[in-house]
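This report refers to the structure that appears directly beneath it.
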2 protein chains.
Amino acid sequence: MNSTIKDVARKANVSIATVSRILNNKTGFSEKTKKKVLRVIEELGYQPNALARGLINKNTQTIGVLIPTVSNMFASEILSGIEKHANDLGYSVIVCNTGSIGKRTIDYLQVLSEKRVDGVIIVSEFIYDDYHKILNDMDIPVVLVSTISLEFPIPYVKVDDRHAAFTATNYLIKKGHTKIAMIAGDAKDPLAGKPRIEGFKSALLSSGLQINEDYIIDCQTFSHEDGIKAMEEILQKQLDITAIFASSDELAVGAMSVAYRNGIKIPDQLSIIGYDNTKLAEMIIPSLTTVAQPLFDMGVVAATMLFEIKETGEVIQSRIMSHEIVERETVRSYFS
Amino acid sequence: MNSTIKDVARKANVSIATVSRILNNKTGFSEKTKKKVLRVIEELGYQPNALARGLINKNTQTIGVLIPTVSNMFASEILSGIEKHANDLGYSVIVCNTGSIGKRTIDYLQVLSEKRVDGVIIVSEFIYDDYHKILNDMDIPVVLVSTISLEFPIPYVKVDDRHAAFTATNYLIKKGHTKIAMIAGDAKDPLAGKPRIEGFKSALLSSGLQINEDYIIDCQTFSHEDGIKAMEEILQKQLDITAIFASSDELAVGAMSVAYRNGIKIPDQLSIIGYDNTKLAEMIIPSLTTVAQPLFDMGVVAATMLFEIKETGEVIQSRIMSHEIVERETVRSYFS
DNA sequence: TTGTAGGCGTTATCAA
DNA sequence: TTGATAACGCCTACAA
């Protein structure tokens, strides 16, 4: 059990060098010995030891993925894309669930560093100085997904949040809505929070609509639970609105459930548009109109970029993925 | 960048053996040299090479997880639990997205074998002979989650599907329902399909109700989409029912959406109970009554078992996790 | 308390 | 076409 190259060599009456050559499709052996060696490998059930290989080749055929939570549809869809493409190229992926706490990230990075992964993909996280320091010391490709670093020149793949939020809001306006609230997620979040608020505002502005800060509900997170709270706040404030733009599908769905409980019909009395286009958006009833991020593809693209950097050794251009409105059932038009 | 133990030794004027001892908290060095070495390590930013360590220690501090899809709430919740506990114990996890095709599983197993992972957790998959052969050759702990192998004695953690289905159906009956259909998922699935159907039937039987095979809708999968199809079939067949038991939350939600589109009020005109208790169940509107599997905990327990086997070297007892009805809004009572 | 040296399972460089 | 042999970075007897 777990024989080594040495065992193979001995049993086949050749040197380990020859076995190694055959294993790696190098040149320098006869067809006959190849046959023989291959048979012995089969007989022994020999499996090359990736550790020993990695030690000498300085690559492990594995990458690390830092991701806030695998157990939400947003992140897991991205992870799925990454894993898919990595696997297609013969790489394994180590998942690191950073959660919301920051400390674990450092530890994970340390571990990935010790394990000598060939690259790291970071999803939806702010890049602090110490992260970057470790990353830098590791001297391997890094790419960001759905996040960005102003401080450090790390390539990323994401949608243009401001633009997407603008598009969503504008969609509402084009449907005849003028009294619109926003459930903003974490307004302090410089990556997924602020830009979307800005996009919301500028859509209003460019249509000559008034901005009222009271109509922008700040939550702590982008979760379903906070969507509920936000909608309750909207109701309690008795905001005079016909539509809501939510910064995530979960927020939107949370809001929808409160509306439902209060007898508010969607979209008849209140329209709502989400953000992300997770599977939740199509499963919820009524199905949620939302601005889609190509989550799975973003994962694939991130992995593609990572390996491209690895191969070429060059810095790669970041990618802005295009977003699009997916029209479903939660937005009412005031025309036609 | 990427200094070795040798660099540390040289710079600290000690032997590599001493550095190694300090690194591993062994005995045999003075406090003074420890200080000195530690400082040098700090200065150099030295990180032990896990590959070299693993090569000699014969362990990699990483486990592999085979899972059909990370991008559904069921699997990702389990994965989350596994990752959590593994990480707490200093292990990394490699995710292997087996998808629905079988071939990839073999390849993944091969890779995990070459990478010399310390253990493997397999989620929701049937264990074929060749899987088992590889697993056996790897000679490492294996545990199954939400699946079971009749052929091979591999420890597992799961709920009692038959019992859980019985409980769900019985719950419906106790609420006064007598005309109940089942959306069965994949009826040919010997693990998640058949047992639930049996549980459904025996609940009916033990309450003196009739079993009508026509009322058991067989789908290919447990997906949202198939829930839609199943409900359409129910409608088209014009089954005379007041309640449905669905083999997964996704199926239930798919059915709900069709009911909604057809103006059928839930739970007023039709009650429905799901299976799993994923986050979807609490987010859907109205929120879904369902029989809960402790998904996250099952992941944690699986990891716990894995490491226990690894430590003790003994075969560990399988664990049947308890299920429970989570009462929400989709089941109407005919009493009171 | 410390150092020397052999070995973990490979690949790669020489010779032969 | 082959085979020794020196790395790769670390751990661990065994000596000192």
Side-chain angles (χ1 to χ4, degrees), chain A residues 1-38 40-41 44-62 110-111 113-118 137-139, chain B residues 1-38 40-41 44-62 110-111 113-118 137-139:
Chain A
M1 210 157 300
N2 266 350
S3 40
T4 76
I5 198 173
K6 225 182 262 175
D7 301 324
V8 176
R10 191 176 323 131
K11 188 157 180 193
N13 280 315
V14 295
S15 72
I16 59 172
T18 298
V19 178
S20 178
R21 287 188 194 103
I22 294 174
L23 244 30
N24 298 288
N25 302 307
K26 305 256 157 144
T27 132
F29 51 82
S30 70
E31 197 57 28
K32 204 174 108 197
T33 58
K34 175 174 177 181
K35 283 251 165 54
K36 182 172 57 179
V37 167
L38 251 26
V40 172
I41 286 179
L44 258 37
Y46 164 75
Q47 314 241 132
N49 183 321
L51 294 179
R53 275 190 164 166
L55 189 55
I56 199 160
N57 290 336
K58 272 135 182 30
N59 83 29
T60 52
Q61 296 291 112
T62 110
Q110 214 83 42
V111 171
S113 175
E114 295 187 1
K115 295 221 162 118
R116 300 297 192 261
V117 294
D118 298 332
D137 286 355
M138 289 172 76
D139 195 28
Chain B
M1 212 157 299
N2 266 353
S3 39
T4 75
I5 198 173
K6 223 182 263 175
D7 302 324
V8 175
R10 191 175 323 132
K11 187 157 181 192
N13 281 317
V14 295
S15 71
I16 60 171
T18 299
V19 177
S20 176
R21 288 186 193 103
I22 294 173
L23 243 30
N24 297 288
N25 302 306
K26 304 257 154 140
T27 129
F29 49 82
S30 70
E31 197 56 29
K32 203 173 110 198
T33 58
K34 174 175 178 179
K35 283 249 166 54
K36 183 173 55 181
V37 168
L38 252 26
V40 172
I41 287 179
L44 258 37
Y46 165 74
Q47 314 239 134
N49 183 321
L51 294 179
R53 273 190 164 167
L55 190 54
I56 199 161
N57 291 334
K58 271 129 183 32
N59 82 29
T60 52
Q61 297 291 109
T62 110
Q110 215 82 43
V111 171
S113 176
E114 295 188 1
K115 295 221 163 120
R116 301 296 193 262
V117 295
D118 299 332
D137 286 355
M138 290 171 76
D139 196 28

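Within every chain, numbering begins at 1; the chains are lettered A, B, ... in the order of the sequence lines, protein sequences first and strands thereafter. Reckoned from all heavy atoms, side chains included, excluding hydrogens, waters and symmetry mates.
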Mind calculating the distance between [atom1] ([X]) and [atom2] ([N]) to the nearest angstrom?
{"X": "B:Lys115", "N": "C:dG9", "atom1": "NZ", "atom2": "P", "value": "19 Å"}
{"X": "A:Asn49", "N": "D:dC8", "atom1": "CG", "atom2": "P", "value": "18 Å"}
{"X": "A:Glu114", "N": "D:dC11", "atom1": "CD", "atom2": "P", "value": "10 Å"}
{"X": "A:Ile5", "N": "D:dA4", "atom1": "CD1", "atom2": "P", "value": "14 Å"}
{"X": "B:Asn59", "N": "C:dC8", "atom1": "CG", "atom2": "C1'", "value": "13 Å"}
{"X": "A:Ile22", "N": "D:dG3", "atom1": "CD1", "atom2": "C1'", "value": "13 Å"}
{"X": "B:Lys35", "N": "C:dT1", "atom1": "NZ", "atom2": "C1'", "value": "16 Å"}
{"X": "A:Leu51", "N": "D:dC11", "atom1": "CG", "atom2": "P", "value": "14 Å"}

Choosing from [options], which nucleotide comes nearest the side chain of [X]?
{"X": "B:Ala17", "options": "C:dT4, D:dC10, C:dC14", "answer": "C:dT4"}
{"X": "A:Asn57", "options": "C:dT11, D:dC8, C:dA5", "answer": "C:dT11"}
{"X": "A:Arg21", "options": "C:dC8, D:dA4, D:dA13", "answer": "D:dA4"}
{"X": "A:Leu55", "options": "C:dG9, C:dT2, D:dC11", "answer": "C:dG9"}

Distance check: side-chain N/O of [X] vs OP1/OP2 of [N], anything under 4.0 Å?
{"X": "A:Thr4", "N": "C:dC8", "result": "no"}
{"X": "A:Thr18", "N": "D:dG3", "result": "yes"}
{"X": "B:Arg53", "N": "D:dC11", "result": "yes"}

Please tell me if the side chains of [X] and [Y] come closer than 4.5 Å, counting only heavy atoms from C-beta onward.
{"X": "A:Arg116", "Y": "A:Lys58", "value": "no"}
{"X": "A:Thr4", "Y": "A:Ile16", "value": "no"}
{"X": "A:Lys34", "Y": "A:Leu38", "value": "yes"}
{"X": "A:Asp139", "Y": "B:Asn2", "value": "no"}
{"X": "B:Met138", "Y": "A:Gln47", "value": "no"}

Tell me whether the side-chain N or O atoms of B:Arg116 pair up with the base of C:dG9 as donor and acceptor below 3.5 Å, since no angle test is needed here. no
For a quick check of understanding: with a heavy-atom distance under 4.0 Å over all strands, which category does [X] fall into, base, sugar-phosphate or nothing?
{"X": "B:Ile16", "value": "base"}
{"X": "B:Ser20", "value": "base"}
{"X": "A:Glu31", "value": "nothing"}
{"X": "A:Asn13", "value": "sugar-phosphate"}

Select from B:Lys26 and B:Ala52 the residue whose nearest nucleotide in DNA chain D is closer to the 5' end of that strand. B:Ala52
Here the pair of heavy atoms bringing B:Arg21 nearest to B:Thr27 is CD-O, 3.6 Å
Could you pick out which residue, B:Thr27 or B:Lys58, lies toward the 5' side of DNA chain C when each is mapped onto its nearest nucleotide? B:Thr27
Start at the 5' end of DNA chain C and walk down; is the nucleotide closest to B:Ile56 or to B:Ser30 reached first? B:Ser30
